[in-house]
Amino acid sequence: CLQSPIAGSPIATDIVFGPRLIREAVHTGLEVVFRGNFSCIQDLTHRSRRQFLSRNERVIKTLPTLCFSTITQSPFSFVSATALYIMRTYGHASDGLVASVDSVLSNSFVVRPNADIHHLGPVMNSPPWGFRFLPRSTLQRFEKPDIKEEQTTSSQCMTVA
C-alpha cells in the first residue's frame, strides 16, 4: 500500500461532507478537467473506507501487507496547504492528502521513510523551489538501507534511515 488512504482521507471526507460550494466545485473540476467521477472522492471518505474494511475484514487479515506511510512538513510542496489544514484541524501529520494514522492497515508491516515526501511526490516533481527526489544515480547507495524495527500496537514498524 503506497501512501494509501486505508482508513480514509480527511480531505475527501471534508469535501464530501463539507460546504456545498466546495463539494460542487470539486465535482465540476473532476468532471470537466479530469473527465472523472465524483464517486472517486466519495470512495475515499472515512465512512466509505470503514465500510470497505468491515466487509473485507476476513480477507484483509489473511494477506501479508506492507504499508508505505509518509509525511510532509515542507512549506514548498504542492500539498503544503492541505498538510497544514490536516495538522491544524485534526492534529495529525500527513502527506498532504492522507493522515499518517489513516495510511496504515492493522497487522501490516509499515515503512516510514526518514524523509519529507508528500502524497504527490512519487508521481510528480515539486515546484523548483520545493522538495525533489534524488536522481536515480544517487539512489543506489540506498539499496541496503539501515532498518530499525519497532513493535507498535497494531503493526510491525520499520523506519528507513
Side-chain angles (χ1 to χ4, degrees), residues 1-17 26 30 34 36-74 77-126 130-136 138-161:
C1 302
L2 176 63
Q3 300 173 298
S4 298
I6 302 290
S9 166
I11 300 300
T13 298
D14 289 353
I15 288 170
V16 171
F17 299 108
V26 171
L30 280 171
F34 297 106
N37 189 314
F38 191 70
S39 65
C40 66
I41 299 293
Q42 293 169 322
D43 289 344
L44 298 175
T45 65
H46 288 102
R47 181 184 298 170
S48 178
R49 297 300 301 152
R50 272 195 308 272
Q51 290 171 351
F52 173 83
L53 292 171
S54 178
R55 280 192 317 267
N56 297 287
E57 181 178 12
R58 203 171 110 227
V59 174
I60 291 170
K61 284 183 177 180
T62 63
L63 296 173
T65 307
L66 176 71
C67 294
F68 185 75
S69 178
T70 64
I71 61 170
T72 184
Q73 295 176 329
S74 171
S77 75
F78 282 122
V79 290
S80 60
T82 53
L84 184 60
Y85 171 79
I86 292 170
M87 178 57 79
R88 286 187 177 170
T89 306
Y90 299 101
H92 295 295
S94 72
D95 63 9
L97 295 178
V98 179
S100 184
V101 297
D102 293 332
S103 68
V104 176
L105 187 63
S106 281
N107 300 313
S108 66
F109 288 96
V110 180
V111 175
R112 290 189 171 96
N114 189 15
D116 191 287
I117 303 173
H118 60 81
H119 191 82
L120 305 173
V123 294
M124 68 188 308
N125 287 331
S126 290
F131 176 81
R132 287 180 178 257
F133 285 107
L134 297 172
R136 283 190 187 273
T138 61
L139 290 178
Q140 291 179 1
R141 67 186 181 113
F142 295 110
E143 285 178 11
K144 294 182 181 177
D146 261 348
I147 298 178
K148 295 184 286 185
E149 293 186 23
E150 58 188 66
Q151 183 67 41
T152 63
T153 54
S154 62
S155 302
Q156 186 77 14
C157 183
M158 297 178 205
T159 303
V160 180

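Position 1 is the first residue of the sequence, and the numbers go up from there.
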Do any N or O atoms from the side chain of [X] and from the backbone of [Y] form a donor-acceptor pair under 3.5 angstrom?
| X | Y | result |
| --- | --- | --- |
| Thr45 | Gln42 | yes |
| Thr13 | Ser9 | yes |
| Ser108 | Val110 | no |
| Asp95 | Ile71 | no |

**Prompt:** Looking at Ile6, Leu53, Asn107, Thr65, which hits side chain to side chain contact (heavy atoms under 4.5 Å, CB included) with Ile60?
**Reply:**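 For Ile60, the side chain to side chain contact (heavy atoms under 4.5 Å, CB included) check succeeds only for Leu53.
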**Pair listing, ring pair (Phe, Tyr, Trp, His ring centres under 6.0 Å) test, anchored in residues 37-57, at least two apart** =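 Ring pair (Phe, Tyr, Trp, His ring centres under 6.0 Å) check on residues 37-57 returns His27-Phe38.
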Nearest 0.5 Å, please: how far is [atom2] in [Y] from [atom1] in [X]?
| X | Y | atom1 | atom2 | value |
| --- | --- | --- | --- | --- |
| Leu105 | Ser69 | CG | OG | 12.0 Å |
| His118 | Leu97 | NE2 | CG | 10.0 Å |
| Ser103 | Arg112 | OG | CZ | 6.5 Å |
| Ile117 | Ser74 | CD1 | OG | 12.0 Å |
| Thr82 | Asp14 | OG1 | CG | 11.0 Å |

Search all heavy atoms of [X] against all heavy atoms of [Y] and return the closest pair with its distance.
| X | Y | result |
| --- | --- | --- |
| Gly8 | Asp102 | O-CB, 3.2 Å |
| Ile86 | Ser94 | CD1-OG, 3.6 Å |
| Gly96 | Ile11 | O-CG1, 4.1 Å |

**Prompt:** Does some side-chain heavy atom of Thr72 sit less than 4.5 Å from a side-chain heavy atom of Ser80?
**Reply:**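 Contact flag for Ser80/Thr72 side chains = no.
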**Asked** Hey, are the side chains of Pro113 and Phe68 touching, using non-hydrogen atoms and a 4.5 Å cut-off?
**Response**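 Side chain of Pro113 against side chain of Phe68, heavy atoms only: contact under 4.5 Å found.
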**Item:** Stepwise side chain to side chain contact (heavy atoms under 4.5 Å, CB included) check, Asn37 with Leu30
**Value:** CA-CA 6 Å; Asn37 189 314; Leu30 280 171; over 6 Å; no
**Asked** Restricting to pairs with a member in residues 44-57, which pass salt bridge (Lys or Arg N to Asp or Glu O under 4.0 Å), not counting sequence neighbours?
**Response**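 Output for this query lists Glu57-Lys61.
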**Prompt:** Got a sec, which residues hit side chain to side chain donor-acceptor pair (under 3.5 Å) with Thr89, two or more places apart in sequence or on another chain?
**Reply:**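 With neighbours one apart ignored, the set is empty.
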